[in-house]
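Take a look at the structure below.
Residue numbers start from 1 in every chain, and the chains themselves are labelled A, B, ... in the order their sequence lines are given, proteins ahead of strands.
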2 protein chains.
Amino acid sequence: MAGRPKIFEEKDVVEKAVGVFWSKGYEAASADELLAAMGIGKGSFYLAFKGGKKELYEKSLQFFSETYDRQLLRDLANSDDQIKFIKDFFMSLADAPEAKIMKGCYLGNALVQLSEIDHDTKAIAATLLAKTEAIFTAVIRKAQQEKKLKNSTRAEVLGKYLINLWNGVNVTRRSHPDYEVLKEMLEMSLEVLK
Amino acid sequence: MAGRPKIFEEKDVVEKAVGVFWSKGYEAASADELLAAMGIGKGSFYLAFKGGKKELYEKSLQFFSETYDRQLLRDLANSDDQIKFIKDFFMSLADAPEAKIMKGCYLGNALVQLSEIDHDTKAIAATLLAKTEAIFTAVIRKAQQEKKLKNSTRAEVLGKYLINLWNGVNVTRRSHPDYEVLKEMLEMSLEVLK
DNA sequence: TTTATTATGTACCAATCGGTACAATATTGT
DNA sequence: ACAATATTGTACCGATTGGTACATAATAAA
């Protein structure tokens with residue numbers, strides 16, 4: 001191999017880009033701002049990402065999803081009561097730090113923020129969110145088989161219920177701080193996991 | 001009074017603007033596109049809306065909310081079983097036309113689409129969404145008082161539960177068409193209204 | 001040391017953004 | 001008829017958008 005050496009790893013700069021896209025949204029995140037956060041110039045960027053901003057965004061969705069799901073699966077594997085883990089996981093949404101609250105779900109945001117033109121990018125986000133849903137579904141199915149969950153509703157339905165709860169809370173909690181009611185609402189929502 | 005006559009009513013053009021903002025999002029809706037839909041020129045627009053695009057958007061949120069809530073209250077008033085009405089209302093989300101599905105909730109979109117800079121506009125959307133939540137809460141409180149609802153969970157919590165279900169479904173149903181599971185999930189979610 | 005190759009930084013691009021300036025136009029009051 | 005007034009349409013604005021062109025720089029192979 002020859003040529004001038006690269007000064008960055010794709011994974012690293014994509015991760016940096018996630019931060020900008022997450023707090024600004026796809027449209028509002030300017031190329032300059034992204035490049036500043038990524039620490040590279042336009043020359044490098046448009047050589048590495050021929051698809052420009054859109055390719056970067058799609059890769060950032062992919063990267064985020066993989067990282068997030070991997071961590072979730074690891075945490076689940078380390079837990080001796082997976083249903084309780086999921087409950088705690090959702091309850092923690094009620095008292096997350098303000099900054100995190102306002103950012104919502106990275107994939108859910110994509111679904112809501114992207115205009116009709118980018119429906120292929122939207123489809124990517126939908127597929128990735130479905131993966132997380134599938135993780136929930138698998139946990140529930142396993143718990144049902146092991147008789148650790150009495151609720152006999154189809155696992156896919158309960159999985160959908162949980163991802164929907166996730167999507168909802170990530171919008172709802174952006175409203176005025178109603179954290180006491182929000183917490184009670186979450187507890188009530190999780191009553192089905194019994 | 002003197003002067004050249006106005007060729008539009010504010011309410012009318014604001015309503016037209018809702019359509020553009022709803023399908024494009026706040027940022028992506030260009031001033032030109034909005035004006036084209038509104039059927040007026042820049043001269044008229046910036047005279048009537050000194051705050052420009054932002055004022056128009058905030059007024060569109062206001063207009064939408066008022067129209068929507070008024071209709072909702074009217075439908076509720078005309079219903080002899082308000083709890084059943086709410087159930088049907090939510091169930092109808094599962095098989096709405098594709099175009100409507102992809103647009104989500106106008107107020108929820110604002111909460112998710114607006115960047116940190118427009119947090120005052122976001123606050124408006126949050127307040128308006130809280131009004132709809134209050135309608136749900138009131139219906140539930142009344143039904144509890146009239147013993148038409150056995151569930152004794154605090155009405156505010158159930159109201160939050162419903163608005164959260166609303167927010168969730170408006171994100172979730174944008175994913176791949178999983179309508180069978182979505183419908184079952186909704187039925188399950190509405191089991192608490194008994 | 002030269003050559004081929006790849007990456008980098010910068011200057012630059014047309015297009016579009018939201019918004020303004022202002023002359024032309026249409027009305028009411030005198 | 002003529003002013004006073006309010007609205008309209010249009011030409012134009014600087015700023016910013018995402019993206020490109022290209023000379024320069026840094027490496028490996030010959």
Any ring-ring contact (aromatic ring centres under 6.0 Å, His included) involving residues 78-97 of chain B? Give me the pairs, sequence neighbours left out, ordered by first then second residue. B:Phe89-B:Trp166, B:Phe90-B:Phe136
Ranking B:Arg4 and B:Glu33 by the position along DNA chain C of their nearest nucleotide, the one closer to 5' is B:Glu33
Separation of D:dG18 atom P from B:Glu27 atom CD, nearest Å, is 11 Å
B:Asp32 CG - D:dC13 C1' separation (whole Å): 14 Å
Donor-acceptor contact below 3.5 Å, side chain B:Asn109 vs main chain B:Lys103: yes
Would you indicate what A:Phe8 reaches in the nucleic acid, counting non-hydrogen atoms under 4.0 angstrom: base, sugar-phosphate, or nothing? sugar-phosphate
What is the distance, rounded to the nearest whole Å, between atom NZ of A:Lys24 and atom P of D:dT17? 10 Å
Just to be sure I understand the rule, does B:Ile40 reach a base, reach only the sugar-phosphate, or reach nothing, if contact means heavy atoms closer than 4.0 Å? nothing
Would you please say whether a donor-acceptor pair under 3.5 Å links the side chains of A:Asn151 and A:Thr153? yes
Would the base of C:dG19 count as contacting B:Lys53 through its side chain, where contact means a donor and an acceptor less than 3.5 Å apart? no
For atom CG of A:Leu47 and atom P of D:dA21, their distance in whole Å: 13 Å
Pairwise ring-ring contact (aromatic ring centres under 6.0 Å, His included) hits with a residue in residues 17-40 of chain A, at least two apart: A:Phe21-A:Tyr26, A:Phe21-A:Tyr57, A:Trp22-A:Phe64, A:Trp22-A:Tyr106, A:Tyr26-A:Tyr57
Is there a donor and acceptor pair, one atom on the side chain of B:Lys42 and one on the base of D:dG9, closer than 3.5 Å? no
Minimum-distance nucleotide (side-chain atoms of A:Ala31 versus C:dA4, D:dT8, D:dG18): D:dG18
B:Pro5, nearest nucleotide to its side chain (from C:dG18, D:dT8, C:dT27): C:dT27
Under 4.0 angstrom, heavy atoms only, what part of the nucleic acid is A:Ala29 near: base, sugar-phosphate, or nothing? sugar-phosphate
If the cut-off is 4.0 Å, is A:Ser44 near the phosphate of C:dA7, judged by side-chain N/O to OP1 or OP2? no
Might you confirm whether atom NZ of B:Lys100 has over 12 heavy atoms from other residues, nucleotides or ligands at distances under 6.0 Å? no
So, is A:Tyr46 near the phosphate of D:dG19, with a side-chain N or O under 4.0 Å from OP1 or OP2? yes
If I take atom CD1 in residue B:Ile117 and atom P in nucleotide D:dT16, what distance separates them, rounded to the nearest angstrom? 12 Å
Could you state the NZ-C1' distance from A:Lys6 to D:dA28, rounded to the nearest angstrom? 17 Å
Separation of B:Met38 atom CE from D:dG9 atom C1', in whole Å? 15 Å
Looking only at side-chain atoms of A:Ser30, point me to the closest of D:dT17, D:dT8, C:dA7. D:dT17
Distance check needed: D:dT7 P versus B:Glu9 CD, whole Å only. 13 Å
